[in-house]
Amino acid sequence: MVANWTFNNTLTPTTGTHNSASHAALSPAVPKGEYNGGTVYYGLNGWPTGTAVDPTMYLEFSVTSNPGQQLHLETIELVMRRSNLGSPSGGGPRAWVLRSSLDDFTSDVSSGALTIPSSTFTVHFGTEFLYLSSTVTFRLYGYDAHVNPGGSNRFVFDNIRITGLSILPVQFTGISGSIMPSGPVIKWNIEGGNIVDFTLERSADGTLFSNVTRVKNEGSTTYTATDYTANRNIPKLFYRVKATLQHGEIIYSDIMILHQSLQEALNIRHISSNGSNLRLEVYAPEPGIARITIATFDGRTVFQQSANVTRGVQEITMQTGAAAPVISVMTISTANGMASKQFLR
C-alpha cells in the first residue's frame with residue numbers, strides 16, 4: 001500500500017514505509033466540508049449542475065516518494081457516493097472525474113457515475129505512473145449535480161486507497177572490461193530493483209550496437225559476461241549494458257571503450273629466412289590448429305601448411321623449398337582470427 005484515506009473523522013492518511021502522503025482537502029471553491037457519522041466525509045454545495053467539469057471544484061490529495069526512492073503506482077480504489085438525503089434521495093454530483101498533476105490536470109485518468117449507495121471504483125494506472133521520483137497530486141471532480149426536495153448537493157467520500165510499490169531507482173554504478181583468452185570480459189555494477197534481465201551490447205564504432213548475450217537478473221549488484229564472438233583483430237571495441245525493467249522500460253549503462261592490444265590477438269611477430277627454411281614467431285590467444293599460407297602480392301598461393309599452436313608465443317619452422325618468391329605475404333589463420341605479414345627471403 002502507498003496511501004489510504006479512511007475519512008473516519010480524519011483527513012490524514014496512513015502510508016507505506018518509503019513514501020509520504022498529504023491530507024485530503026477540498027478546494028477553496030467548495031463551500032463546506034463535513035463528516036457524517038465519523039465514517040465518511042463530504043463536500044457540501046457548489047458542485048456544478050452542468051455536464052462539464054468545473055476545474056475549481058474538487059477533492060485533492062498527493063503522494064510523494066522518500067528521498068532516494070521511486071513510487072510505482074498500480075491502482076487507486078475509490079469508494080464514493082452522492083447524498084442519500086431528500087425525497088426522493090440522491091442529491092449531489094451524478095458523475096466524477098479523476099485527474100493528476102502529471103499533465104497539469106488536463107486529461108482524465110478515469111471517470112464514472114455516482115450512485116446513492118457507495119460504489120467502489122478500481123482504477124488501474126498506466127505506465128506514466130511508474131518510477132515517480134517527485135510528488136503526484138490527484139484531484140476528484142464532481143459534476144452533473146441534481147438536488148431533490150429536502151436533499152443536499154453532497155459529494156461523499158468513504159475511502160480512497162492507492163496501491164503500488166516504493167522501489168530504489170535503477171542505476172548503473174560502474175562498467176569495466178578486460179581481455180581474457182576466451183574473449184573480452186565485461187563487468188558492471190547495478191543498484192535498484194525491478195530488473196528482468198540485462199543485454200550486453202557491442203559496437204565497432206560506438207554508434208551501431210548489436211546484442212552479444214543476455215544475462216538474467218539474479219538479485220546481485222555485480223554481473224559479468226564474456227564476449228566469445230569478439231573479433232580479436234579490431235583494436236578498439238565499444239560496450240554497453242541494457243537493463244530491461246519489468247514494465248518494458250529500458251535503461252543503458254555508460255559506453256565503455258575496450259582496447260585490444262596485439263598481444264591479445266593472433267599475430268605474427270617475426271619471420272626469418274635461411275635458404276628454404278622459414279622460422280615464424282607467432283602469438284596465439286588460444287590453442288588450436290593454424291593454417292599457414294604464403295602468397296605472392298597478386299594473391300597467388302605458393303605454399304600452405306597446417307600446424308598445432310598453443311596459447312602464447314611460439315616458434316614454427318617450415319620447409320618451403322623454392323616455392324616462396326623474394327617478396328611474399330605470410331598469412332596465419334585459426335578459429336580465433338587471422339593475421340598477415342610481408343617478408344623478404
Quick one: pull up CE in Met338 and OG1 in Thr293 and give me the separation to the nearest 0.5 Å. 10.0 Å
Are side-chain heavy atoms of Tyr58 and Val97 found at a separation under 4.5 Å? no
Side chains of Thr14 and Met1: closer than 4.5 Å at any heavy-atom pair? yes
Taking all atoms of both residues into account, what is the closest heavy-atom pair of Phe105 and Phe138, and its distance? CE2-C, 4.4 Å
Step by step, work out the side-chain contact (heavy atoms from CB on, under 4.5 Å) result for Gln69 and Asn19. CA-CA 8 Å; Gln69 300 279 325; Asn19 68 273; over 6 Å; no
Heavy-atom side-chain proximity of Asn36 to Arg154 below 4.5 angstrom: yes
When you check the side-chain N and O atoms of Thr51 and Asp144, is any donor under 3.5 Å from an acceptor? no
Can the ring centres of Tyr41 and Phe61 be said to be less than 6.0 Å apart? no
Ring centres under 6.0 angstrom apart (Phe157, Trp5): no
Looking only at heavy atoms, what is the nearest atom pair of Ser65 and Ser134, with distance? OG-N, 4.4 Å
Are Val147 and Met57 connected in the hydrophobic side-chain network, where two residues link if heavy atoms are under 4.5 Å apart? no
Considering all heavy atoms, the nearest Pro184-Leu258 contact: CB-CD2, 3.5 Å
Whether Asp205 side chain and Thr207 backbone form a donor-acceptor pair below 3.5 Å: yes
Could you grab the distance from atom CZ of Arg214 to atom CG of Asp197, nearest 0.5 Å is fine? 4.0 Å
Does Leu102 offer a backbone N or O that forms a donor-acceptor pair with the side chain of Ser100 under 3.5 Å? yes
Arg269 side-chain N/O to Glu281 backbone N/O, donor-acceptor pair under 3.5 Å: no
Linking I/L/V/M/F/W/Y whenever any side-chain heavy atoms sit under 4.5 Å apart, do Leu132 and Val170 land together? no
Let's go through Asn45 and Lys32 carefully: what are the C-alpha distance in whole Å and the side-chain angles of both, what is the deciding distance for side-chain contact (heavy atoms from CB on, under 4.5 Å) to 0.1 Å, and is it a yes or a no? CA-CA 7 Å; Asn45 296 329; Lys32 191 175 184 179; over 6 Å; no
If we ignore hydrogens and angles and just use 3.5 Å, is the side chain of Tyr42 paired with the main-chain N or O of Asn153 as donor and acceptor? no
Whether the side chain of Thr15 engages the backbone of Ser20 through a donor-acceptor N/O pair (distance < 3.5 Å, no angle test) should be reported. no
To the nearest 0.5 Å, what is the distance between CG (Leu245) and CG (Leu130)? 9.5 Å
So do the side chains of Leu280 and His270 get within less than 4.5 Å of each other, counting heavy atoms only? no
Do you know which two heavy atoms are closest between Leu44 and Pro31, and how far apart they sit? O-CD, 3.5 Å
First locate atom CZ of Phe198, then atom CD1 of Ile190, and finally report the distance between them rounded to the nearest 0.5 Å. 5.0 Å
With the 4.5 Å side-chain cut-off for hydrophobic clustering, are Val123 and Tyr143 part of the same group? no
Got Val282 and Ile292 here, is their nearest side-chain heavy-atom distance under 4.5 Å? no
Side chain to side chain donor-acceptor pair (under 3.5 Å) partner of Asn159, chosen from Asn4, Thr6, Thr39: Asn4
State whether the side chain of Tyr223 and the backbone N or O of Glu218 hold a donor-acceptor pair below 3.5 Å, judged by distance alone. yes
No-hydrogen, no-angle side-chain donor-acceptor test under 3.5 Å, Thr163 and Thr75: yes
With distance as the sole test, does Ser253 use its side chain to make a donor-acceptor pair with the main-chain N or O of Val241 at under 3.5 Å? yes
Is there a path of hydrophobic side-chain contacts, each under 4.5 Å between heavy atoms of I/L/V/M/F/W/Y residues, joining Val30 to Trp96? yes
Treat each ILVMFWY residue as a node, draw an edge where side-chain heavy atoms are under 4.5 Å apart, and state whether Val63 and Leu59 are in one component. yes
Which heavy atom in Ala290 sits nearest to a heavy atom in Val309, and how many Å separate them? CB-CG1, 3.8 Å
Side-chain contact, heavy-atom cut-off 4.5 Å: Leu98 with Arg139? no
Are any of the side-chain heavy atoms of Phe155 and Leu26 separated by less than 4.5 Å? no
Report the distance from atom OG of Ser178 to atom CD1 of Ile186, rounding to the nearest 0.5 Å. 7.5 Å
Between Asp254 and Arg240, is the side-chain contact (heavy atoms from CB on, under 4.5 Å) condition met? List the steps. CA-CA 6 Å; Asp254 292 335; Arg240 70 183 183 187; over 6 Å; no
Determine whether Leu200 and Val215 satisfy the following criterion, side-chain contact (heavy atoms from CB on, under 4.5 Å), listing intermediate values before the conclusion. CA-CA 8 Å; Leu200 177 64; Val215 178; 5.8 Å; no
I need the Arg202 CZ to Ile234 CD1 distance, nearest 0.5 Å. 7.5 Å
Is any side-chain heavy atom of Phe125 closer than 4.5 Å to a side-chain heavy atom of Val136? no
Do Asn211 and Thr213 meet the criterion of a side-chain donor-acceptor pair at a distance under 3.5 Å? no
Taking Thr10 for the side chain and Thr12 for the main chain, is one N or O donor matched with an acceptor at less than 3.5 Å? yes
Report yes or no: does Arg81 contribute a side-chain atom to a donor-acceptor pair with the main-chain N or O of Val156 at less than 3.5 Å? no
Identify whether the distance between the nearest side-chain nitrogen and carboxylate oxygen of Asp108 and Arg99 falls below 4.0 Å. yes
Any donor-acceptor pair under 3.5 Å linking the side chain of Asn217 with the backbone of Ile195? yes
Please determine whether the number of non-hydrogen atoms from other residues, nucleotides or ligands lying under 6.0 Å from atom NZ of Lys242 exceeds 12. yes
Do you know which two heavy atoms are closest between Trp47 and Gly142, and how far apart they sit? CE3-O, 3.5 Å
